[in-house]
Amino acid sequence: MKRKKILAAIVLLTCVTMYAQESQVFETRTLTSRILKTDRRYAVYLPPGYNSTDVSYPVLYLLHGSGDDHTGWVQFGQVQHIADKAIAEGKAAPMIIVMPDANTGVRGYVNVIDGKFDFENFFFDELIPHIEKTYRVRTERRYRSVSGLSMGGGGTITYTLHRPDLFAAAAPLSASTGTWDFEKFKSDTKKRYPDIPDDKIESYCKLHDVESVLKDASEDKLKLIKSVRWYISCGDDDFLYEGNSLMHICFRKNNIPHEYRVKDGGHTWTYWRMELPLVMEFVSASFTQY
């Protein structure tokens with residue numbers, strides 16, 4: 001009888017330990033934004049062992065596409081299952097994954113030209129500090145990465161080109177990269193914001209045009225951009241293939257090291273779910289010694 005009780009206690013302890021080691025996903029957490037004058041939502045993945053240790057973790061900011069919100073990667077991207085598997089197999093380092101909502105009020109990750117919705121400022125000045133204060137996140141550049149799909153891929157490119165000092169790795173997937181026609185870019189912006197002065201439109205467009213950002217970058221900033229580990233991936237049947245191809249060419253011309261992958265697939269969650277474990281493996285090389 002005593003042996004049975006001891007065995008039962010061991011089994012119970014094992015179950016409790018296993019439970020404590022499980023990952024967690026909180027689909028909707030919020031912070032109050034002074035910049036956006038509203039509460040903002042985000043989802044967060046906490047790796048196995050987070051609640052049973054005092055370890056601090058690297059972080060991946062994972063951006064959703066147009067039409068989705070912060071729950072997209074949780075529901076359609078199956079982030080918890082994919083991340084758990086990649087970590088358990090030793091292909092990815094344990095990490096915290098943060099998925100912000102960029103589809104409430106105004107859609108998109110950049111500052112709006114009229115100054116009424118500065119989402120990029122919110123991301124850098126409020127979201128990142130909030131995450132680093134709320135969770136056990138390693139705050140050095142080498143432990144921070146960003147990735148995203150479609151509109152989120154565009155956000156990944158913009159954020160990394162604007163603040164290469166903050167990211168060790170960037171992985172835009174099926175990215176919305178802009179028109180690659182600067183004059184058309186300016187013309188389209190002028191149609192949407194006819195009351196904005198031409199010089200402001202031109203400077204705004206240059207700030208979000210990949211070629212212009214690289215052309216105008218200082219030597220020190222260009223050096224930082226080149227030090228980022230870039231992974232660019234797009235399906236061969238994706239309607240955004242041209243922009244991703246042009247970005248690859250632009251990076252080659254500017255001698256920016258990067259991995260460029262074109263694979264079988266379209267602009268679909270099937271493609272992005274296939275890519276997520278590879279993204280985690282890629283950014284993990286920045287988090288660890290390689």
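All figures in this text were calculated on a predicted structure; none of them were measured in a lab. Side chains included, hydrogens not; waters and symmetry mates left out as well; all remaining heavy atoms used. In this chain, numbering begins with 1 at the start of the sequence shown.
- Linking Ile, Leu, Val, Met, Phe, Trp and Tyr residues whenever their side-chain heavy atoms come within less than 4.5 Å places Leu166 and Tyr61 in a single cluster.
- Among the candidates Ser284, Pro277, Pro47, the single residue satisfying the side chain to side chain contact (heavy atoms under 4.5 Å, CB included) test with Ile87 is Pro47.
- Considering only heavy atoms from C-beta on, Val283 stays 4.5 Å or farther from Ser147 through its side chain.
- Asp39 pairs by the side chain to side chain contact (heavy atoms under 4.5 Å, CB included) definition with Thr32, not counting sequence neighbours.
- With hydrogens and angles disregarded, a donor-acceptor distance shorter than 3.5 Å links the side chain of Arg141 to the backbone of Phe167.
- By the side chain to side chain contact (heavy atoms under 4.5 Å, CB included) test, Asp195 is found to be paired with no residue, residues two or more places apart in sequence or in another chain being considered.
- Applying the ring-ring contact (aromatic ring centres under 6.0 Å, His included) definition to pairs two or more places apart or across chains, those involving residues 187-229 are His162-His208, Tyr204-His208.
- Applying the side-chain hydrogen bond (donor to acceptor under 3.5 Å, both in side chains) criterion to Asn254, with sequence neighbours excluded, gives no partner residue.
- Shown here for Leu60 and Ser145, the closest heavy-atom pair between the two residues is CD1-OG, 3.3 Å.
- In this structure a side-chain-to-backbone donor-acceptor pair under 3.5 Å is missing from Arg229 to Ala168.
- You'll find the side chain of Cys250 reaches within 4.5 Å of the side chain of Glu211, heavy atoms only.
- Under 3.5 Å, the side chains of Thr104 and Arg41 contain a donor-acceptor pair of N or O atoms.
- Take Glu132 and apply the side-chain hydrogen bond (donor to acceptor under 3.5 Å, both in side chains) test, not counting sequence neighbours, and it matches Arg144.
- Note: the hydrophobic cluster containing Met247 also contains Val262 (ILVMFWY, side chain heavy atoms under 4.5 Å, direct or indirect links).
- With hydrogens and angles left out, the side-chain atoms of Thr179 and Asp181 include no donor and acceptor closer than 3.5 Å.
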Next on the checklist: If you apply the rule salt bridge (charged side-chain N to carboxylate O under 4.0 Å, His left out), what do you find for Asp188 with Lys184, and how did you get there?
Outcome noted: CA-CA 6 Å; Asp188 290 346; Lys184 185 176 186 304; 2.9 Å; yes
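- Under a cutoff of 6.0 Å and an axis angle of 45°, Arg136 and Tyr50 form a cation-pi pair.
- Residues Phe119 and Val106 are not in side-chain contact: their nearest non-hydrogen atoms beyond the backbone lie 4.5 Å or more apart.
- For Lys226, there are no salt bridge (charged side-chain N to carboxylate O under 4.0 Å, His left out) partners at least two apart in sequence or on another chain.
- Annotation: side chain of Val213 is not in contact with side chain of Asp209 (no heavy-atom distance under 4.5 Å).
- Under the 3.5 Å distance criterion, with hydrogens and angles disregarded, a donor-acceptor pair is assigned to the side chains of Ser233 and Tyr271.
- Under the side-chain hydrogen bond (donor to acceptor under 3.5 Å, both in side chains) criterion, His81 pairs with no residue, sequence neighbours left out.
- Between Met99 and Val79, some side-chain heavy-atom pair lies under the 4.5 Å cut-off.
- Applying the ring-ring contact (aromatic ring centres under 6.0 Å, His included) test to residues at least two apart or on different chains, the pairs with a partner in residues 223-250 are Trp230-Phe251, Tyr231-Phe282, Phe239-His267, His248-His258, His248-Tyr260.
- Tyr45 pairs by the ring pair (Phe, Tyr, Trp, His ring centres under 6.0 Å) definition with nothing, not counting sequence neighbours.
- When side chains are defined from C-beta on, Asp118 does not count as touching Val112, because their heavy atoms never get closer than 4.5 Å.
- Salt bridge absent: Asp236 and Lys263 never bring a charged side-chain N and a carboxylate O closer than 4.0 Å.
- Pairs passing the side-chain hydrogen bond (donor to acceptor under 3.5 Å, both in side chains) check and including a residue from residues 152-161, sequence neighbours excluded, do not occur.
- Here the straight-line distance linking atom CD1 of Ile96 with atom CZ of Arg138 works out to 10.5 Å at 0.5 Å rounding.
- The minimum heavy-atom distance linking Val44 with Arg29 is given by the pair CG1-CD, 4.3 Å.
- Here the straight-line distance linking atom OG of Ser23 with atom CG of Leu46 works out to 8.5 Å at 0.5 Å rounding.
- Considering only residues two or more places apart in sequence or on other chains, Asn255 meets the side-chain hydrogen bond (donor to acceptor under 3.5 Å, both in side chains) condition with none of them.
- Listed by chain and residue number, Arg107, Met151 satisfy the side chain to side chain contact (heavy atoms under 4.5 Å, CB included) test with Ser66 (two or more places apart in sequence, or in another chain).
- The side-chain heavy atoms of Leu276 and Leu173, taken from C-beta on, include no pair separated by under 4.5 Å.
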